[in-house]
Amino acid sequence: MATFLSKLGRLAFRRKGVTLLLWLLVFVGMGVAASSAPAPPADTFSMPGTESQEAFDLLTEKFPDASVDGATARVVVRAPTGTKITTPATRAEVERLVTELGASSPQVVGVADPYESPAVSISKDGTTAYTVVTYKVPAAGVDDEAHDALDAATEQARETGLTVEAGGDAVKIEQAMGGTGEQIGILVSAFVLVLTFGSMIAAGMPLITALIGVGIGISGITALGSTFGLSGTTSTLAMMIGLAVGIDYALFIVSRFRAERAEGRTPEEAAGRAVGTAGSAVVFAGLTVIVALAGLAIVNIPMLTKMGLAAAGTVAVAVLVAITLVPALLGLAPVKVMARRGRLRYAVKPLSDRQRRRAARHEAKLARRTRPNLGTRWARYVLRHPVVVLLVGVIGLGTVAVPAASLELGLPGEGQMSTQTTQRKAYDLLSESFGPGFNGPLTITVQTLSADGTGATSAGTPADVRRTGDEIGKALARTPGVASVSPAAANKAGDTAILTVVPTTGPTEKKTEELVHALRDTADDLERSTASRILVTGQTAMFIDFSQTLDDALLPYLALVVGLAFLLLMVVFRSVLVPLKAALGFLLSVAAALGAVVAVFQWGWLADVFGIDAPGPIMSTMPIFMIGVVFGLAMDYEVFLVSRMRESYAHGARPGEAVVDGFRYGGRVVGAAAVIMMSVFSGFIVEDNDFVKMIGFALAIAVLFDAFVVRMAIVPALFALLGRSAWWLPKWLDRILPRVDVEGERLAGTQPAARSPRESTLVG
């Protein structure tokens, strides 16, 4: 592996023009393909194998006229204080609003008049009413003109003294991300890179190559969107993880190139060894990330599978960019990539007298700097106090992880939006006037079956199926937690009816989830006595099933990614204990990160500091996404840091010396990479959307725990305690496992001269 990648790095360095041209052609070609590709399909949400999805498919089949994918806006109107919504003057204003909404946009196909069904659309106290605006296009197709027309109609109604708010998927999201987080993250990343490298050129390479890799990946997703059903949101995870690993991978190789140059190698030799050693670590780290992302397929939710595979493809591009494009860029600036202060010592052209004097002064200054760098000092401290460091790290993370035992999963809704948005205001108005369960109604489907027990559908008259539906509705109404049950509505074929159940509790409350399970248990009993097939669905039920599906898949997903990564790391490091502690350390950091998320976003600790308006359940997709992203980054840091230790150990160093060498050369780079990722993720905390805050906070705190506590404290402490046993591998397993030269042992023919303390300080 190391030999092949070294040759590849040398080739890219020598043929930098050809390499850059090829990547430019790929970048432009993918951009052209993306720009000429059909528009990506709208987001589709399905959960094969769940009752909610089964019921939804049944409704699509049996009620084709009602199965409209068009967006809706629910406009809530409250009369001025002291008046009723039914008074003549107020009614006239509401009817004027309904008329205005109907004529507001060509995309509107209908507006319900609340006065035609007052028992449903007007609250019992007569102060509040709502109307539903239906559009002929899905939410993603509602254009800006329609959004503006809706806003204008509601604002005009407010001027008459009415309180008017709007919710639903047709309403413009006021909490959309404004890009502030990405800008902050990129600025901080650039600053950290400049401090780390002391060179604008070296700092710019990881950013430029990461953006190129992400650009190619996202363009590929867009180009293939219509073919493979990849919606616009599929690229979200790909962009996040692609940018993260792209910066890390380039950072590792540029740093190793600079270290090899400081060892006295020529630029081409340095490029070859950088790609042969750090590049090998990048390849295997990338494989672990790809395993984690592709493993999302086991959740059996098509949307997540597509997102995972698309992100895995983007990571593969990032790996290829790192091992080919980065050495080509190094070939363009082999001297300017070095730190500015000591750059003259690497000059290829003859130096002037003035430049020689400056170089001599710099050499003399470096000769006086004999103090080891921070990474070396920290590694030696851990080697002296391994038990203390290990206990502090494990107990500290374990304490932070305690709240994770109370983790409650849910999906975002209008009830979790900022209280300043019209969606949240409409949600609160409906809860106050119609009850908290009104925002999360459940849909019951009743399909009549033949009496012979074959399970075939039995078609009768609409009146017959309505009577059966009403009987079932009366039985379901006796379930604790049910506020009301609507009369049954039958389809034209007379074989299926639907009912609406309004819970007494809100859609995200635990009691509502318990009600869904209770209704399904009751339905199982009623099916036998009514010869019917009864299913519970609706958005609230689908969210509950979605959360349950993810919850059930969490442990199998962890077992898959951790197990495969364990095998991969065992091949890389020729050890059983190294991959074992890597996996256990990752689980510890993830548990601590989940505990911090629960404490802040579910319990409300420090809610004012982070601007959280409504603490509540943790977004269902967050743990899975966090595991995938953080696992990838954790394995990056593990492979890069420990491969340096393994390299030193393989070349004859004692276990303690190997740990010090790993931190001397890798500690600063891994620390910089972690700070960059934390800054990128922390930037999302300033966004208005609570769930964007949650993702940003979770990823940032997880990287903090994993990089600085697990990889830089617990890992070296364990190495200190295990000694040579850390690299133990049974002989029979050693014969079975394939051999890959990640440490560059076969590159030993280009060993440098012995390093001086001054040089060790320089490259640290």
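- For the pair D734 and K731, the salt-bridge criterion is not met [side-chain N within less than 4.0 Å of a carboxylate O].
- Screening R644, R646, R711 for a salt bridge (Lys or Arg N to Asp or Glu O under 4.0 Å) involving E638 leaves a single residue, R711.
- Within the model, atoms CG of L211 and CG of L207 stand 6.5 Å from one another, a figure rounded to the nearest 0.5 Å.
- Between A190 and A203 the shortest heavy-atom distance is O-CB, 4.5 Å.
- Of all non-hydrogen atoms in L397 and A592, the two that sit nearest each other are O-CB, 3.6 Å.
- Residues R256 and I253 fail the side-chain proximity criterion, which asks for heavy atoms closer than 4.5 Å.
- Using cut-offs of 30° and 60° on the angle between ring planes, the pair F631 and F586 is perpendicular.
- In this structure, CZ on F681 lies 13.0 Å from CG on L704, to the nearest 0.5 angstrom.
- Side chain of E260 to backbone of F257: no donor-acceptor contact under 3.5 angstrom is found.
- In this pair, Y649 and W727 present their aromatic rings parallel. The plane angle is below 30°, not in the 30 to 60° band.
- Looking at T209 and I247, their side chains never come closer than 4.5 Å, going by heavy atoms from C-beta outward.
- Here the side chain of S643 pairs a donor or acceptor atom with the backbone of V639 at under 3.5 angstrom.
- Side-chain atoms of S575 come within 3.5 Å of backbone atoms of A726 as a donor-acceptor pair (strictly under, hydrogens ignored).
- Checked against ring pair (Phe, Tyr, Trp, His ring centres under 6.0 Å), W23 has no partners two or more places apart in sequence or in another chain.
- Using cut-offs of 30° and 60° on the angle between ring planes, the pair W378 and Y381 is parallel.
- The number of heavy-atom neighbours closer than 6.0 Å to CZ of F708, taken from other residues, nucleotides and ligands shown, is above 12.
- When side chains are defined from C-beta on, T305 does not count as touching L296, because their heavy atoms never get closer than 4.5 Å.
- In this structure, a donor-acceptor pair under 3.5 Å is absent between the side chains of S6 and R273.
- Side-chain N or O atoms of S255 include none that pairs as donor or acceptor with a backbone N or O of L251 at under 3.5 Å.
- When all heavy atoms are compared, the tightest approach of A250 to P206 is CB-CA, 3.6 Å.
- For V317, the side-chain contact (heavy atoms from CB on, under 4.5 Å) partners are I216, V321, not counting sequence neighbours.
- Across every non-hydrogen atom of A238 and I218, the tightest pair is CB-CD1, 4.1 Å.
- Side-chain contact check for W728 versus R724: every heavy-atom pair is 4.5 Å or farther apart.
- Looking at R258, its side chain does come within 3.5 Å of a backbone N or O of V337 through a donor-acceptor pair.
- Here the closest non-hydrogen pair linking G276 and L5 is CA-CB, 4.0 Å.
- Contact detail for I290 and A312: the closest heavy-atom pair is CG1-O, 3.8 Å.
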